There are 2 protein chains.
Amino acid sequence: MKVLIIEDDPLHRSYLSEAIRAALPECDGVLEAENGGAGERLARDCKSAHIVMDLQMSVRNGIEAARTIWKERPETRILFWSNYSDEAYVRGVSRIVPVGAVYGYVLKSASDDRLKLALRSIFIESQCVIDREVRGMQQRSLGTINGFTEAEYEILVDIALGLTDRAIAHRRNLSVRSVQNRLQQLYIKLGVYQPLGGQSDEGRFNLRARAIAVALLRKLLNHSALERAEADLSAWLARQPHN
Amino acid sequence: MKVLIIEDDPLHRSYLSEAIRAALPECDGVLEAENGGAGERLARDCKSAHIVMDLQMSVRNGIEAARTIWKERPETRILFWSNYSDEAYVRGVSRIVPVGAVYGYVLKSASDDRLKLALRSIFIESQCVIDREVRGMQQRSLGTINGFTEAEYEILVDIALGLTDRAIAHRRNLSVRSVQNRLQQLYIKLGVYQPLGGQSDEGRFNLRARAIAVALLRKLLNHSALERAEADLSAWLARQPHN
DNA sequence: ATCTTTTCTGCGGGATCCCGCAAGGTCCCG
DNA sequence: CGGGACCTTGCGGGATCCCGCAGAAAAGAT
């Protein structure tokens with residue numbers, strides 16, 4: 001059994017490597033990659049089915065790497081080991097998990113023991129392990145309260161990319177008015193809505209831009225989510241008959 | 001001589017601590033804080049004039065901590081030790097450095113030796129040390145080419161917060177038209193400008209939102225810059241006669 | 001099958017944004 | 001002092017955004 005580490009911080013890499021050796025005596029080889037791209041290649045070559053990776057790497061971010069790895073071999077087991085539990089990350093991960101796949105998400109702030117336990121659970125006992133904090137986020141994000149629909153999240157990303165209503169309508173096959181409805185919905189859920197009539201005069205916000213701001217502050221969006229979205233967008237644009 | 005470490009990752013903290021002991025035999029005490037707030041308090045109490053800190057900490061970010069520390073004792077020497085060289089960070093730091101202060105900015109990806117050298121240079125020889133990569137950013141950011149004026153940067157932040165033209169005009173004591181001029185300027189420099197007339201039809205962007213998107217993608221803005229700006233904004237709002 | 005709830009859609013209008021045009025300002029240089 | 005570079009401001013208008021209103025379509029529920 002071999003384990004592949006994908007993590008760009010050398011310190012964390014060596015810490016991980018040691019933790020793996022300690023927690024998994026049956027492991028007879030640890031490979032290391034220092035960015036997503038190299039990780040994908042290594043995973044393809046060495047056919048390792050056991051991966052521990054960081055999200056947010058500078059060169060190619062973890063979610064993209066995981067997506068392509070899982071696309072090639074869905075039975076691969078991946079433990080995400082990240083600093084943050086941003087909603088953007090959690091959402092990004094759960095969006096790409098193949099059905100029935102075994103995976104884990106533990107924070108770097110977790111204790112030594114928790115990490116080792118997670119390693120054994122995922123790689124040996126085939127059991128998913130999600131950090132409580134992350135799990136909490138997931139619940140909150142999917143629950144009725146403060147929960148964002150897939151549609152709402154999608155349109156949030158679209159305006160964050162800077163698309164106009166019309167462009168969004170075109171991309172999502174909707175009428176312009178429907179796009180605006182969803183936007184309204186989004187504004188309400190983000191607590192940015194302006195009840196009309198009341199001339200709260202100063203401190204007036206541009207709803208569209210304000211929505212993006214609070215989404216960023218709440219970590220509903222983050223840099224890597226934006227990067228992914230931008231890549232998707234330009235792929236879509238290329239596919240369009242550019243008149 | 002005592003050195004204070006402000007860094008939220010325990011691994012990096014212990015690595016730093018060891019590096020300090022190795023590089024600075026004259027150091028007779030290393031203190032540690034795991035977030036900006038605790039760091040400020042410790043700095044105040046122990047009167048340490050030598051600090052190494054991370055930017056991007058979860059609780060209270062490094063730039064804010066540095067600002068208050070330098071406000072209280074401008075002669076404090078601070079070495080920023082960060083993962084990234086985002087323009088937002090570099091700009092944020094150089095904005096708060098007191099005149100004549102001794103400080104440093106080295107990336108975590110730097111070698112062992114470079115870190116130790118930087119420690120000696122700053123704390124013993126009173127000489128500033130800026131990582132070449134960071135320095136490069138600074139040059140590019142201040143040079144004529146691709147350089148953003150303070151005014152432009154300011155208005156970028158304002159729209160990223162979601163303010164309307166009118167609100168910005170009020171806040172910055174300008175006419176609405178001037179705000180729009182600066183915006184136009186910004187759009188051009190961000191390469192988002194729409195030459196008019198040409199109905200590039202699809203792929204049409206909302207300039208305001210698009211500008212924010214590319215600023216984020218280029219790391220001209222990032223989460224912590226936004227957080228600081230948001231704090232400033234609400235302080236300003238509170239100071240306003242709310243009609 | 002009928003009723004309810006939700007979503008989609010067009011219309012209309014007020015507010016905002018984006019920007020060309022042109023009339024002052026300020027500051028510096030020769 | 002005149003000229004040039006730059007910033008600011010007002011005006012005007014077309015495009016976009018935000019959203020109430022109400023009918024049509026779709027998805028569930030009883």
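Order of the sequence lines fixes the chain letters, A, B, ..., with proteins taken first and strands second; residue numbering starts at 1 for each chain. Since the structure is predicted, the reported quantities are computational estimates derived from the model, not experimental observations.
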Next item on the list: Evaluate salt bridge (charged side-chain N to carboxylate O under 4.0 Å, His left out) for E64(B) paired with K71(B), printing each intermediate quantity in order.
Entry: CA-CA 11 Å; E64(B) 307 198 2; K71(B) 195 174 297 172; over 6 Å; no
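- For the OP1/OP2 pair of dC17(D) and a distance below 4.0 Å, the side-chain nitrogens and oxygens of R166(A) include no atom meeting the criterion.
- Geometrically, R91(B) engages Y153(B) in a cation-pi contact, judged by NZ or CZ lying under 6.0 Å from the ring centre and within 45° of the ring axis.
- A salt bridge links K108(B) with E7(B): the closest approach of a Lys/Arg side-chain nitrogen to an acidic carboxylate oxygen falls below 4.0 angstrom.
- Distance, I188(B) CD1 to dC6(D) P: 13 Å, rounded to whole Å.
- Atom CZ in R210(B) sits roughly 23 Å away from atom P in dA15(D) (whole-Å rounding).
- Legend: residues meeting side-chain contact (heavy atoms from CB on, under 4.5 Å) with N222(A), ordered by chain and number and at least two apart, are D86(A), A88(A), Y89(A), S224(A), A225(A).
- P98(B) and W70(B) make their closest contact through CD-CD2, 3.4 Å (heavy atoms, listed as atom of the first residue, atom of the second, distance).
- Taking atom CZ of R204(B) as the reference point, atom P of dC17(C) lies 18 Å away to the nearest angstrom.
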N/O contacts under 3.5 Å, protein versus nucleotides 9-13 of chain C?
residue	atom	partner	partner atom	Å
dT9(C)	OP2	S175(A)	N	2.7
dT9(C)	OP2	S175(A)	OG	3.3
dT9(C)	OP2	S178(A)	OG	2.7
dT9(C)	O5'	S175(A)	OG	3.3
dT9(C)	O4	N181(A)	ND2	3.3
dG10(C)	O6	R177(A)	NE	3.2
dC11(C)	N4	R177(A)	NE	3.2

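- Summarising the geometry, the separation between CG on L186(A) and P on dC19(D) is reported as 11 Å, rounded to the nearest angstrom.
- Checked against dC19(C), dG20(D), dC18(D), the side chain of Y193(B) finds its nearest nucleotide in dC19(C).
- Whole-Å rounding puts the L207(A) CG to dC17(C) C1' distance at 13 Å.
- Among dC18(D), dT16(D), dC19(C), the nucleotide with an atom closest to any side-chain atom of N206(A) is dC18(D).
- Residue contacts shown for R172(A) are absent, as no nucleic acid heavy atom lies under 4.0 Å away.
- For the pair I155(B) CD1 and dC17(C) P, the interatomic distance rounds to 11 Å; values are reported in whole Å.
- Contacts classified as salt bridge (charged side-chain N to carboxylate O under 4.0 Å, His left out) and involving residues 169-178 of chain B (residues at least two apart or in different chains) are given here: E154(B)-R172(B), D158(B)-R171(B), D158(B)-R172(B).
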Checklist line | Q56(A) vs N61(A), side chain to side chain donor-acceptor pair (under 3.5 Å): CA-CA, chis, key distance, verdict | finding: CA-CA 5 Å; Q56(A) 78 260 344; N61(A) 97 46; over 6 Å; no
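- Rounded to an integer number of Å, the gap from CD of Q184(A) to C1' of dA15(C) is 15 Å.
- When distances are taken from the side chain of D165(A) to each of dC17(D), dT16(D), dT8(D), the shortest belongs to dC17(D).
- Separating the CZ atom of R208(A) from the C1' atom of dC17(C) is a distance of 11 Å, rounded to the nearest angstrom.
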